[in-house]
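What follows is a set of notes on a single structure, which appears directly below.
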Amino acid sequence: MSERTRQPKWLDNAVFYEIYPQSFQDTNADGIGDLEGIIRHLDDIQELGCTAIWLNPCFQSPFGDAGYDVEDYCRVAPRYGTNEDMARLFEESHRRNMHVILDLVPGHTAVTHRWFRESMKAEKNEYTDRYVWTDCVWESPDGMGCIRGISDRDGSCAVNFFSHQPALNYGFYKPDKPWQQSFDDPGPQATLEAMKDVMRFWLKMGCDGFRVDMAGSLVKNDEEGKGTIRLWQNVRAFLDEEFPDAAMVSEWGEPDKSLQGGFHMDFLLQFGPSHYMDLFRCEEPFFSSRGKGNIAEFVHTYQKNYEKSERKGLICIPSGNHDMARLARKLQGDELKIAFAFLLSMPGAPFIYYGDEIGMRYVEGLTSVEGGYERTGSRSPMQWDDSVNAGFSHAPKECLYIQQDAAADRPTLKAQKQDPDSLYHEIQKLIQIRMAHPALQSKGDIAYVYAEENAYPLAYVRSSEEEKILVVINPAARTVEFPYDGQIGEVLYQFGRGLSSDGKKIIIQGQSAVFVKIS
Ligand code: NOJ
Ligand code: CA
């Protein structure tokens, strides 16, 4: 597929806000966030400047993996509300010109899903081939974990992630065992059609698209991704036909592949080859003021992906997500502001993880909740204000979904709104500047000007037909310089003491970020 996938127009300047529904706002005092809570805060999200929401799974589930173990794809989990509440969330968002994408989990279900209960039966039925089964309980699927010994059916069922998440069957790239099917076989085709029905269901209700969980691993034994790309091209044809405005973003981490598959956007992830972790989360992150980081490999990989993906879609850099440590675990104060100057001036649609806009901390030492394990500390309830439970819930403290940051100085939205120098206001300002300059938005070009091995600053030019903007980012506490002999013009954004130019080089002060027009 060489031609470019048509992009919904609203992605051009979209800024996403990721909401982990159980931790956002509880409105019925059961200690767990709900859809009504999200609806009540839409104005806050809009005030920050975000234009779209990615909602983590909120479907009926036994919650062994916080909802990534789906029991009924077409039903909102009662703890979050009803399908009518979801329809209302879509409506209320659209009324504000905002969009909502849901989390689609096509790779596996919960063991309690009706499909799996049917699939476990010894007698053949409609769901026999819905999951990846070997044909003898003593044979395990190689390279994958499995569930066995819990069904009358003689076989082992492959799992996709945790051992309670049986893998849905989309076939094998090159089947070489009798029990392995090909993507074109009736079982895998029926699985894909069932998943299209799920998408249809929510898109018809008003949903604006999906973030797709583990999108790159649906077809098995498919090292180069060719089978899975083909699968997604099939989905692309379906969407083009029925829902051309639905936005699709993949958890894949290899944009050259996912964009070929017809996704509009792919994430840089905490795993895989992107060097994303070098930015904010390794031993010496580039964005630490210690200034001992290395941005070169990140930029090198980014460039390679950018070229390979031929601008078929967007490469999205998240501030964080529900699977990795909070941004504020390694960075503090001005470091966070400079990190956001980068995140909000890069191409692709930025994704802000709820709470990162106020620098919410990773809560250390928590016992795992719903399969979170070390991820639990990044999933604690939103801190709204200085009232009980930081305004998250009226439930007794011990009943909260996850315990909150107990520090007396924990950041809250209310306090940050009142402080003109807060991280919240810096982000708000950065989004406003992005919105005013197409060159800084999703599709503006990027050309790196300075991104050297173990050196500071980072400099790049963003450009559109109208203008060119030089972005210079120096997270290090020391003054640094780089060769630059071009003219510089109006300063559009400055954090810190800023920069100067002598016609041959640019000198930038410690902990500064500057966006300056160059044409
Ligand atoms: C990725 C999701 O983001 C994560 O939270 C989940 O546990 C796994 N996929 C399995 O669905
Ligand atoms: Ca609730």
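Remember, predicted model here, so these are calculated numbers, not experimental data. Each residue takes its place number in the sequence, starting with 1. Side-chain atoms are counted along with the backbone in the values below, which use heavy atoms only and exclude waters and symmetry mates. Each ligand, and each atom within it, is numbered from 1 in the order the structure gives.
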Legend entry - Protein N, O or S atoms under 3.0 Å from the Ca ion (ligand 2): 5
Inset, instruction - Identify which one of M346, H264, M265, R211 satisfies the side chain to side chain contact (heavy atoms under 4.5 Å, CB included) criterion when paired with C316. - result: M265
Inset, instruction - Flag yes if more than 12 heavy atoms outside H300 fall under 6.0 Å of its NE2 atom; otherwise flag no. - result: no
For [X], atoms of ligand 1 separated by under 4.0 Å from a heavy atom:
{"X": "R379", "result": "5 (O)"}
{"X": "R375", "result": "4 (C), 5 (O), 6 (C), 7 (O)"}
{"X": "H108", "result": "10 (C), 11 (O)"}
{"X": "D323", "result": "1 (C), 2 (C), 3 (O), 4 (C), 5 (O)"}
{"X": "H322", "result": "2 (C), 3 (O), 4 (C), 5 (O)"}

Legend entry - Output field: ring centroids F162/H108 closer than 6.0 Å: no
Legend entry - Proximity to ligand 1 by part of R211, non-hydrogen separation under 4.0 Å: side chain
Inset, instruction - Going by heavy-atom distance to atom 6 (C) of ligand 1, choose the closest among D103, L269, D65. - result: D65
Legend entry - Distance (rounded to the nearest 0.5 Å) between C58 SG and D103 CG: 8.5 Å
Legend entry - Rounded distance (nearest 0.5 Å) linking atom CD of Q46 with atom OG1 of T51: 9.5 Å
Inset, instruction - Sequence neighbours left out, what pairs pass salt bridge (Lys or Arg N to Asp or Glu O under 4.0 Å) with at least one residue falling in residues 271-286? - result: E284-R290
Inset, instruction - Using the salt bridge (Lys or Arg N to Asp or Glu O under 4.0 Å) rule, take R114 and D72 through it: C-alpha gap first, then chi angles, then the decisive distance, then the call. - result: CA-CA 8 Å; R114 189 175 63 88; D72 184 342; over 6 Å; no
Inset, instruction - Please step through salt bridge (Lys or Arg N to Asp or Glu O under 4.0 Å) for the pair R40 and E36, ending with a clear verdict. - result: CA-CA 6 Å; R40 289 191 197 168; E36 174 60 29; 2.9 Å; yes
Inset, instruction - Could you name each residue pair satisfying ring-ring contact (aromatic ring centres under 6.0 Å, His included) that touches residues 338-357, not counting sequence neighbours? - result: F16-F351, F267-F351, F287-F342
Inset, instruction - Examine D213 against ligand 1 and note whether any of their N/O atoms are separated by less than 3.5 Å. - result: yes
Legend entry - Non-neighbouring partners of Y362 that pass ring-ring contact (aromatic ring centres under 6.0 Å, His included), sequence neighbours left out: none
